[in-house]
Amino acid sequence: MKLRWSDVTPKADYLGRRALIGGGIAAMAAPAWALTAKPSPYSTSQKPNTLEEITNYNNFYEFGMDKTDPARRAGAMVTEPWAVAIDGMVDRPGRYGVDDLALANALEERIYRLRCVEAWSMVIPWIGVPLASVLDKAGIQPGAKFVAFETLYRPEQMPGQVRPILDWPYKEGLRLDEAMHPLTILATGLYGEVLPNQNGAPIRLVVPWKYGFKSIKSVVKITLTDRQPVSTWQAMQPSEYGFYANVNPAVDHPRWSQATERRIGAGLFAGREETQPFNGYGDQVASLYAGMDLAKDY
Ligand SMILES: Nc1nc2c(c(=O)[nH]1)N[C@H]1C(S)=C(S)[C@@H](COP(=O)(O)O)O[C@H]1N2
Ligand SMILES: [Mo]
């Protein structure tokens with residue numbers, strides 16, 4: 001039996017939660033993710049936001065533009081069955097099931113900061129697998145240089161898609177070395193449970209050193225290509241949203257500063273935090289951009 005998000009009663013206490021990984025409920029006191037999802041040296045030691053915050057303050061324009069729309073509406077999205085088409089410059093193109101891409105025994109917990117381009121941030125304990133492991137499974141052909149991603153297009157379940165808010169389906173892209181970087185994951189869970197729909201169930205990209213819009217939700221297609229893909233936000237407003245979208249406090253959004261950020265849940269009197277280059281992951285990723293002018297290639 002496959003347990004769904006809706007079967008689980010959220011509890012406030014992270015460590016005390018019943019947890020689902022690989023479809024089972026933990027039988028012992030330790031949560032299942034602690035037994036099956038490997039802890040990761042890539043995780044931050046910063047305190048994660050609460051499940052309440054992570055699942056009620058979302059950007060998922062397919063369900064509307066308000067932060068609370070996804071929590072209210074994303075339940076309508078049917079995520080089983082689900083297939084991810086992997087195509088383009090790969091040796092083994094095909095339609096893959098989520099469980100084939102993110103094998104239960106390969107799941108890792110990654111506690112990452114998420115920095116939205118709107119200048120708010122959270123800390124989220126994802127469960128997932130390195131994107132590199134998925135691309136290797138498909139077999140990357142020598143000429144491939146970029147990876148393009150697409151979200152589900154299903155207007156009958158995604159009311160935001162009925163309106164031309166964005167050019168649907170939502171698209172994103174990475175350079176191949178960014179896609180293969182060990183920090184880049186495909187997440188299938190958070191807080192040790194299956195991914196809530198509003199967070200991009202059943203499988204979404206997480207690229208923690210880039211603005212949140214790069215972390216495309218509810219992925220149905222991954223294409224290896226030799227051409228730089230155009231992402232949805234970049235196509236809509238290229239002067240505001242670049243292809244790279246690396247978190248950069250030195251390059252302001254044309255309409256607001258990117259120097260600081262508001263940590264969701266920090267409380268009314270907490271000051272804003274200073275935004276870090278590459279969202280604090282510079283030690284790991286800055287070398288990917290050696291020789292590039294990141295003010296120009298924003
Ligand atoms: N398909 C899709 N993916 C998306 C978005 C979206 O509207 N549609 N919003 C992005 C933005 S702007 C952010 S900040 C993150 C938010 O992820 P979260 O709601 O899980 O915190 O998802 C990103 N992925
Ligand atoms: Mo965002």
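Note that the structure is a prediction, hence the values are computed from the model and not measured. Counting from 1, the numbers follow the sequence of the chain as shown. Counting convention: from 1, in listed order, for ligands and their atoms alike.
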- With heavy atoms under 4.0 Å as the rule, classify the contact between K214 and ligand 1 as side chain, backbone, both or neither. neither

- Are any of the side-chain heavy atoms of Y112 and S43 separated by less than 4.5 Å? no

- Query: With only distance considered, is N59 within less than 3.5 Å of ligand 1 through an N or O on each side?
  - Reply: yes

- Item | For L114, atoms of ligand 1 separated by under 4.0 Å from a heavy atom | 21 (O)

- Task: Please tell me if the side chains of K221 and V84 come closer than 4.5 Å, counting only heavy atoms from C-beta onward.
- Result: no

- So is S215 close enough to ligand 1, meaning a heavy atom under 4.0 angstrom away? yes

- Message: One pair to check against salt bridge (Lys or Arg N to Asp or Glu O under 4.0 Å): K214 and E178. What are the steps and the verdict?
- Response: CA-CA 12 Å; K214 297 294 291 184; E178 300 175 321; over 6 Å; no

- Task: Indicate whether any N or O donor in one side chain lies under 3.5 Å from an N or O acceptor in the other, for D167 and T232.
- Result: no

- Query: Under 3.5 Å between some N or O of ligand 1 and some N or O of Y57?
  - Reply: no

- Item | Per-atom contacts of ligand 1 with N199, taking only distances under 4.0 Å to non-hydrogen atoms | 18 (P), 20 (O)

- Atom indices of ligand 1, in the order listed, that fall short of 4.0 Å to a heavy atom of C116: 14 (S)

- Item | Minimum-distance protein heavy atom relative to atom 19 (O) of ligand 1 | K217 NZ, 2.7 Å

- Message: Test your reading of the structure: does W126 have an N or O sitting under 3.5 Å from an N or O of ligand 1?
- Response: no

- Ring center gap for W120 and Y57 short of 6.0 angstrom: yes

- For ligand 1, the portion of E62 having any non-hydrogen atom under 4.0 Å away: side chain

- Task: Compute whether any side-chain donor of one residue and acceptor of the other, for R110 and S40, lie under 3.5 angstrom apart.
- Result: yes

- Query: Can you list the ligand 1 atoms lying under 4.0 Å from a non-hydrogen atom of T151?
  - Reply: 1 (N)

- Does E261 pair with R272 as a salt bridge, N-O distance under 4.0 Å? no

- Query: To which of Y170, Y153, Y211 does the heavy atom nearest atom 10 (C) of ligand 1 belong?
  - Reply: Y170

- Message: Taking the six-membered ring for Trp, are W209 and Y281 closer than 6.0 Å centroid to centroid?
- Response: no

- Message: I'd like to know if R163 and E62 make a salt bridge, using a cut-off of under 4.0 Å between side-chain N and carboxylate O.
- Response: no

- Query: Do any heavy atoms of E118 fall under 4.0 Å from ligand 1?
  - Reply: no

- Identify the closest protein heavy atom to atom 7 (O) of ligand 1: which residue and atom is it, and at what distance? Y61 N, 2.8 Å

- Side chain, backbone, both or neither: which part of F60 comes within less than 4.0 Å of ligand 1 when only heavy atoms are counted? both

- Closest protein heavy atom to atom 23 (C) of ligand 1, given as residue, atom name and distance to 0.1 Å: G212 O, 3.3 Å

- Output field: ring centroids Y61/W233 closer than 6.0 Å: yes

